[in-house]
Amino acid sequence: MKKETVCDIIREGQDYIPDIELYSRPLELEKECNYVFVGIRQCGKSYMLYQHIQQLLKEGHGIKEMVYVNFDDERLQLMDASEMDVILQAHASMSDREPIFFFDEIQNIDGWEHFARRLANQKYRVFITGSNAKMLSRDIATTLGGRYLTRNVYPFTFKEYLGSKGISLDPNWEHSPKLRAAVERAFNVYFHYGGFPDVRDVVAKRIWLNELYNKIFFSDLIVRNNIRNEAALRLTIRRIADNVKQPVAYNRISNLVKSAGVNCSPNTVIDYITFMREACMVFNLNNYASKFAERETIKKHYFIDNGLLNIFLTDGETSLLENMVAIHLHQQYDESQLFYYNKNVEVDFYLPEERTAIQVCYNMSDTHTSEREINGLVKLHAFEPLRHAIIITRDEECVIQEKNGLSIEVKPIWKWLLE
């Protein structure tokens with residue numbers, strides 16, 4: 001790797017990053033810590049680096065201190081870990097200022113973690129992004145030795161989506177018919193096409209999302225994990241999308257794939273879902289009421305963004321609604337706090353530490369469905385007393401007072417997301 005090439009890359013970043021127009025997202029970082037930002041492709045990790053660079057410039061740091069390197073750059077495709085020291089050499093030839101390093105999509109370089117640890121040991125400040133949660137596996141965490149903190153980055157929340165569209169909400173926004181109508185119109189787009197920052201102003205949103213999915217499929221799944229049975233992986237992803245609201249066993253997914261004439265064992269399904277999680281494409285929930293063996297084999301699987309899920313669905317409003325609730329909760333709680341409940345009673349989401357249970361019901365006017373969701377909360381309250389019982393709907397809002405003293409809040413999804 002030529003030092004002059006790396007100098008060009010550093011110089012280009014110093015030229016254009018200060019002038020990038022950004023929607024500022026919440027970003028609170030410890031002053032003396034190094035960070036790894038992890039998330040799915042196109043969720044805004046690079047913009048987090050740009051935002052922090054601009055923040056540092058406002059605080060008085062000089063642009064010559066900023067060393068931004070994107071390892072998706074085709075000029076770095078042949079770089080390996082043994083050559084990464086040329087980045088230090090390149091900056092030293094350009095400036096005598098202490099560098100602050102920003103490395104984008106660093107997972108493209110095998111063995112990157114050893115270089116990152118050395119920089120931390122030498123007291124440099126380093127900020128890293130990657131599209132692969134495997135970056136934080138036990139082996140790499142051991143190598144980094146606790147020298148980096150992790151920040152998960154997700155596509156826009158609904159509140160961030162509104163802000164990025166120039167819609168600001170005051171405490172009384174619901175009482176403004178014009179503003180409320182703007183929120184509901186924006187939500188309809190967000191609900192179907194998700195929160196990837198770059199999809200907001202694209203006219204052909206489904207085409208953009210399909211292209212992103214294909215990039216994830218081939219780059220982050222097929223190539224990275226050396227998968228040979230492309231058809232089995234495609235069918236596995238589709239079957240997960242079809243069953244997004246239901247607890248599903250690995251054996252069942254395997255059988256569903258086999259029913260399409262493609263061989264796929266349960267162990268292969270487990271591997272595929274692991275790879276999807278490592279690519280930050282999906283996440284799963286465990287059944288709070290199940291025993292360990294069952295908890296590890298039967299899970300609910302959700303997509304990290306509604307736009308990705310929607311490309312697999314034809315009439316999936318109810319699936320999109322539950323998936324969006326799952327996303328919102330997943331961004332706030334880790335796997336040890338968030339569950340579903342299924343033992344003599346079915347509840348979509350359960351937070352035992354907060355004694356909160358949440359059901360999802362697209363339309364409460366469907367008597368059979370609404371009674372099922374209400375009865376699930378009432379039954380759970382009888383043996384797991386609840387502080388909060390909530391039913392999330394598409395548009396309806398009310399309070400249901402049950403005879404056992406349980407008060408159930410019925411809230412529209414777009415309003416609940418903004419609380």
Practice task
Please round to the nearest 0.5 Å and tell me the distance separating atom OG of S164 and atom CD1 of I167.
Solution key: 8.5 Å

Handout entry: Expected output: side-chain Q54 to main-chain I17 donor-acceptor under 3.5 Å
Key = yes

Exercise for the section: Check whether any side-chain N or O of K58 sits under 3.5 Å from a backbone N or O of Q55 as a donor-acceptor pair, and report yes or no. Expected result: no

Exercise for the section: Step through it carefully: locate the ring centre of F102, locate the ring centre of Y68, and say whether they are under 6.0 Å apart. Expected result: no

Practice task
Check whether the ring centres of F339 and Y341 lie less than 6.0 Å apart, and answer yes or no.
Solution key: no

Practice task
Could you verify whether a donor N or O on one side chain and an acceptor N or O on the other, from K343 and S290, lie under 3.5 Å apart?
Solution key: no

Problem - Q14 side chain vs M66 backbone, donor-acceptor pair below 3.5 Å - result: yes

Problem - Short side-chain to backbone donor-acceptor contact, Y272 and R234, under 3.5 Å - result: no

Practice task
For atom CD1 of I207, decide whether the heavy atoms of other residues, nucleotides or ligands shown that lie under 6.0 angstrom number more than 12.
Solution key: no

Fill in the blank from the handout: Of R25, K165, R200, the one forming a salt bridge (charged side-chain N to carboxylate O under 4.0 Å, His left out) with E160 is R25

Handout entry: Any side-chain heavy-atom pair of Q332 and Q337 under 4.5 Å
Key = no

Practice task
Answer yes if the ring centres of Y340 and Y350 are under 6.0 angstrom apart, and no otherwise.
Solution key: no

Handout entry: Derivation and outcome, side-chain hydrogen bond (donor to acceptor under 3.5 Å, both in side chains), residues Q89 and D85
Key = CA-CA 7 Å; Q89 298 169 20; D85 198 63; 3.2 Å; yes

Handout entry: For E354 against R387, the heavy-atom pair lying closest together
Key = O-NH1, 3.6 Å

Exercise for the section: Look at the side chain of K45 and the backbone N and O of D104, then say whether any donor-acceptor pair between them is shorter than 3.5 Å. Expected result: no

Handout entry: Within 45° cone of F349 ring axis and under 6.0 Å: K300 NZ or CZ
Key = yes

Problem - Main-chain N/O of H368 paired with E371 side-chain donor or acceptor, under 3.5 Å - result: no

Practice task
Measure from the ring center of Y23 to the ring center of F156 and say whether it is less than 6.0 Å.
Solution key: yes

Exercise for the section: Check the angle between the aromatic planes of H91 and F101 and answer parallel, tilted or perpendicular using the 30° and 60° thresholds. Expected result: perpendicular

Practice task
Give the intermediate values and the outcome of side-chain contact (heavy atoms from CB on, under 4.5 Å) for residues I63 and L57.
Solution key: CA-CA 7 Å; I63 189 60; L57 293 176; 4.0 Å; yes

Exercise for the section: Apply the test side-chain contact (heavy atoms from CB on, under 4.5 Å) to residues L329 and I327: give CA-CA distance (whole Å), side-chain angles for both, the deciding distance (0.1 Å), then the verdict. Expected result: CA-CA 5 Å; L329 294 171; I327 292 168; over 6 Å; no

Handout entry: Audit row: E59, K31, salt bridge (Lys or Arg N to Asp or Glu O under 4.0 Å) steps and yes/no
Key = CA-CA 12 Å; E59 293 172 6; K31 288 291 185 182; 3.5 Å; yes

Practice task
Would you please classify the geometry between the W414 ring and the W173 ring as parallel, tilted or perpendicular, with 30° and 60° separating the classes?
Solution key: perpendicular

Exercise for the section: Indicate whether any N or O donor in one side chain lies under 3.5 Å from an N or O acceptor in the other, for N306 and N323. Expected result: yes

Practice task
For R147 and N34, test the side chains for any donor-to-acceptor distance below 3.5 angstrom and give the result as yes or no.
Solution key: no

Handout entry: No-hydrogen, no-angle side-chain donor-acceptor test under 3.5 Å, N284 and R277
Key = yes

Exercise for the section: Might you work through the salt bridge (Lys or Arg N to Asp or Glu O under 4.0 Å) test for R180 and E184, ending with a clear yes or no? Expected result: CA-CA 6 Å; R180 180 166 174 150; E184 293 186 30; 3.2 Å; yes

Handout entry: cation_pi(R394, F191) dist<6.0 Å, angle<=45
Key = yes

Exercise for the section: Check whether any side-chain N or O of Q359 sits under 3.5 Å from a backbone N or O of E346 as a donor-acceptor pair, and report yes or no. Expected result: yes

Handout entry: Between E317 and H192: side-chain donor-acceptor atoms closer than 3.5 Å
Key = yes

Practice task
State whether the number of non-hydrogen atoms from other residues, nucleotides or ligands found under 6.0 Å of Y16 atom OH is greater than 12.
Solution key: yes

Exercise for the section: Look up atom CD in E384 and atom NE2 in H381, then write down how far apart they are to the nearest 0.5 Å. Expected result: 11.5 Å

Practice task
For the pair N70 (side chain) and E105 (backbone), establish whether a donor and an acceptor sit closer than 3.5 Å, ignoring hydrogens and angles.
Solution key: no

Exercise for the section: For the residue pair F196 and W208, categorise the inter-ring angle as parallel (less than 30°), tilted (30 to 60°) or perpendicular (more than 60°). Expected result: tilted

Handout entry: Y302 ring center near H330 ring center (under 6.0 Å)
Key = no

Exercise for the section: Decide yes or no on side-chain contact (heavy atoms from CB on, under 4.5 Å) for S95 and E65, but give the supporting numbers first. Expected result: CA-CA 8 Å; S95 173; E65 300 172 49; over 6 Å; no

Practice task
Answer yes or no: is there a side-chain heavy-atom contact under 4.5 Å between N363 and D395?
Solution key: no

Practice task
State, yes or no, whether a side-chain contact exists between I53 and P18 at a heavy-atom distance under 4.5 Å.
Solution key: no

Completion exercise
Rounded to the nearest 0.5 angstrom, the CD1-CG distance for I311 and L308 is 5.5 Å

Exercise for the section: Could you tell me whether Y47 atom OH has more than 12 heavy atoms of other residues or ligands within 6.0 Å of it? Expected result: no

Exercise for the section: Report yes or no: is the cationic atom of R206 (NZ for Lys, CZ for Arg) closer than 6.0 Å to the six-membered ring centre of Y193, at no more than 45° off its axis? Expected result: no

Exercise for the section: For K379 and N344, test the side chains for any donor-to-acceptor distance below 3.5 angstrom and give the result as yes or no. Expected result: no

Practice task
State, with a plain yes or no, whether a side-chain heavy atom of I390 is found less than 4.5 Å away from one of L377.
Solution key: no

Completion exercise
Which of L386, I400, N404 passes side chain to side chain contact (heavy atoms under 4.5 Å, CB included) with V378? It is N404

Handout entry: Within-4.5 Å side-chain heavy-atom neighbours: T318 and E322
Key = no

Exercise for the section: Ignoring hydrogens and angles, tell me if any N or O in the side chain of K411 forms a donor-acceptor pair with the backbone of I392 under 3.5 Å. Expected result: no

Practice task
Could you grab the distance from atom OG of S319 to atom CG of N310, nearest 0.5 Å is fine?
Solution key: 10.0 Å

Exercise for the section: May I ask you to decide if H388's main-chain N or O and R355's side chain share a donor-acceptor pair within less than 3.5 Å? Expected result: no

Problem - Any I237 side-chain heavy atom under 4.5 Å of F217 side chain - result: yes

Exercise for the section: List the steps and the verdict of side-chain contact (heavy atoms from CB on, under 4.5 Å) for Y362 and T369. Expected result: CA-CA 9 Å; Y362 192 87; T369 302; over 6 Å; no

Handout entry: Close aromatic pair by centroid cut-off 6.0 Å: F303 and F312
Key = yes

Handout entry: Sidechain N-carboxylate O distance under 4.0 Å for E113, R118
Key = no

Handout entry: Approximate separation, where rounding is to 0.5 Å, of F71 CZ and I128 CD1
Key = 8.5 Å

Practice task
For the residue pair M276 and I240, establish whether any side-chain heavy-atom pair is separated by less than 4.5 Å.
Solution key: yes

Exercise for the section: Evaluate the side-chain proximity of V189 to K205: yes if any heavy-atom separation is below 4.5 Å, no if none is. Expected result: yes

Fill in the blank from the handout: In F187, Y190, Y154, the residue satisfying ring pair (Phe, Tyr, Trp, His ring centres under 6.0 Å) with Y161 is Y190

